[in-house]
Structures are given as C-alpha cells and as structure tokens.
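As a basis for the values below, the full set of heavy atoms in this structure was taken, side chains included, without hydrogen atoms, waters or symmetry mates.
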Amino acid sequence: LKNKDYNYYKLHTCHHLIKGHRKLIGAAIELSLRLARVGALIRNHKYIGSNNSLYYHYVLSHICDFIINRLPMWLAPNVVTLFGLMCNWIPHAWMIYWYGWGQEGPLSKTFCIVMGVTYQMYLVADNCDGKQARRTGSSSPMGMLFDHGVDAFVAICNTFMLMRLFNIAPNPFQIFT
C-alpha cells in the first residue's frame with residue numbers, strides 16, 4: 001500500500017473500531033439497566049397465589065393453622081422448610097439402605113406406611129413455612145425461592161420413590177430416556 005492509502009485504511013479501520021465499541025458500550029449499559037430493573041423486581045416481588053384444592057381447604061389448611069399457632073415466633077420459616085425436607089428424606093434413605101438402587105421387587109407394608117406418613121409431614125411443613133413467614137413478617141423472595149427449590153428437589157426424589165413403589169422401571173435413570 002502507498003502511504004496515502006495506508007493512512008486512509010488506518011483511519012477507516014479506527015472509525016469502525018470506535019463505532020463497534022460504541023455499540024458494545026451501549027449494549028453493556030443496556031444490560032446493566034435491565035439487570036438493575038430485574039433486581040428491583042425481585043426485591044419488590046409479592047407472591048399472590050391461590051389453591052382451589054378441597055384437601056387444602058378442608059384438611060391441610062386447618063392442620064397448618066393448628067401447628068402455626070403453637071410454633072414460637074423466633075422460629076425461622078426456612079427451618080420449617082428444612083424439617084419438611086428431612087421428613088421426606090427418611091423413607092428415601094431407608095429405601096436405598098434396605099432395598100438398594102434397584103427398581104424391582106416388593107416393598108414392605110411398613111415402608112409404604114412410613115413413606116405416606118412422612119410425605120404428609122412434608123406437605124404440612126411445606127404449607128406451614130409460608131404461614132410462619134407471613135406470621136413473623138419475615139417473608140422474602142429469597143425465602144420463596146428456597147422453598148420452591150426444596151419443593152423441586154423433593155419432587156425429583158419422590159419420583160424415584162414412586163417408581164420403586166410401583167416397579168415402573170428396572171433402571172432408575174430410565175425416566176430420562
């Protein structure tokens with residue numbers, strides 16, 4: 001390239017680089033503003049839900065109200081959530097210890113009863129934690145996220161327990177295929 005062409009090429013390239021950086025900086029600013037809006041939405045989130053289940057309205061809600069009125073005010077709702085998770089882990093650990101990882105074979109009646117009772121205890125604890133959070137004024141989006149995360153984990157564990165209970169799959173990972 002001649003000197004004149006080289007200077008033009010260098011100037012033209014710098015112009016495109018600056019123009020590209022402006023787009024990049026603009027995109028970074030737009031992303032940071034969106035993240036700030038998302039953070040504000042999370043902090044100001046108010047959960048509004050409904051449950052139209054007859055079981056919840058006529059049985060579970062009354063059991064939870066009875067229990068909540070006897071819980072101390074200093075008890076954190078996440079402790080109630082963890083109690084429910086531990087209740088759900090009792091039959092899961094028992095199943096793995098006594099029956100192994102296999103998905104076939106009969107289960108004892110005692111195991112089935114313990115599985116039903118501990119799942120009911122989990123349901124009660126899962127409903128009590130939200131009532132305890134509202135009662136103590138300590139409800140937060142992070143607490144709700146923790147509660148829903150535990151619920152999702154319990155759903156996965158209970159899927160494997162129900163597969164074992166009904167002998168659905170000879171391989172516990174067969175549900176992924």
Tell me whether R164 forms a cation-pi arrangement with F160, defined as NZ or CZ under 6.0 Å from the six-membered ring centre and within 45 degrees of its axis.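 No, a cation-pi geometry is absent between R164 and F160.
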
For residues [X] and [Y], report the shortest heavy-atom separation together with the two atoms involved.
X	Y	value
G84	A125	CA-CB, 3.6 Å
V80	C128	CG1-CB, 4.0 Å
L165	M115	CD2-CE, 4.2 Å
L75	Q132	O-NE2, 3.0 Å

Is it the case that more than 12 heavy atoms not belonging to Y97 sit under 6.0 Å from its OH atom?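 Incorrect, the count does not exceed 12.
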
With ILVMFWY side chains joined below 4.5 Å, transitively, what does M142's cluster contain besides itself? L145

With side chains defined as the heavy atoms from C-beta onward, is the minimum distance between Y119 and M161 less than 4.5 Å?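 Side-chain contact under 4.5 Å: no.
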
Aromatic ring proximity, centroids under 6.0 angstrom, Y99 and F111: yes

Listing request: all side-chain hydrogen bond (donor to acceptor under 3.5 Å, both in side chains) pairs with a residue in residues 76-89, at least two apart in sequence or in separate chains. T81-D129, N88-N158

Kindly work out whether a path of hydrophobic side-chain contacts (I/L/V/M/F/W/Y, heavy atoms less than 4.5 Å apart) joins [X] to [Y].
X	Y	result
L107	M163	yes
V154	M86	yes
W98	L162	yes
I156	L123	no
L82	F153	yes

Kindly compute the distance separating [atom1] ([X]) from [atom2] ([Y]), expressed to the nearest 0.5 Å.
X	Y	atom1	atom2	answer
I90	M95	CD1	CE	14.0 Å
S61	I68	OG	CD1	10.5 Å
N52	H57	CG	NE2	5.5 Å
S139	R134	OG	CZ	7.5 Å
S140	F146	OG	CZ	11.0 Å
T136	W74	OG1	CH2	12.0 Å

Check: D151/Y122 side-chain N/O donor and acceptor closer than 3.5 Å: yes

Using distance alone, with no hydrogens and no angle criterion, decide if T110 and S108 have a side-chain donor and acceptor under 3.5 Å apart. no

Quick one: does any side-chain atom of N69 pair with a main-chain N or O of D65 as donor and acceptor, under 3.5 Å?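 Yes; judged by distance alone, with no hydrogens or angles, the pair exists.
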
M73/R135 under side-chain contact (heavy atoms from CB on, under 4.5 Å): CA gap, chis, key distance, verdict: CA-CA 8 Å; M73 289 292 286; R135 178 176 167 233; 3.5 Å; yes

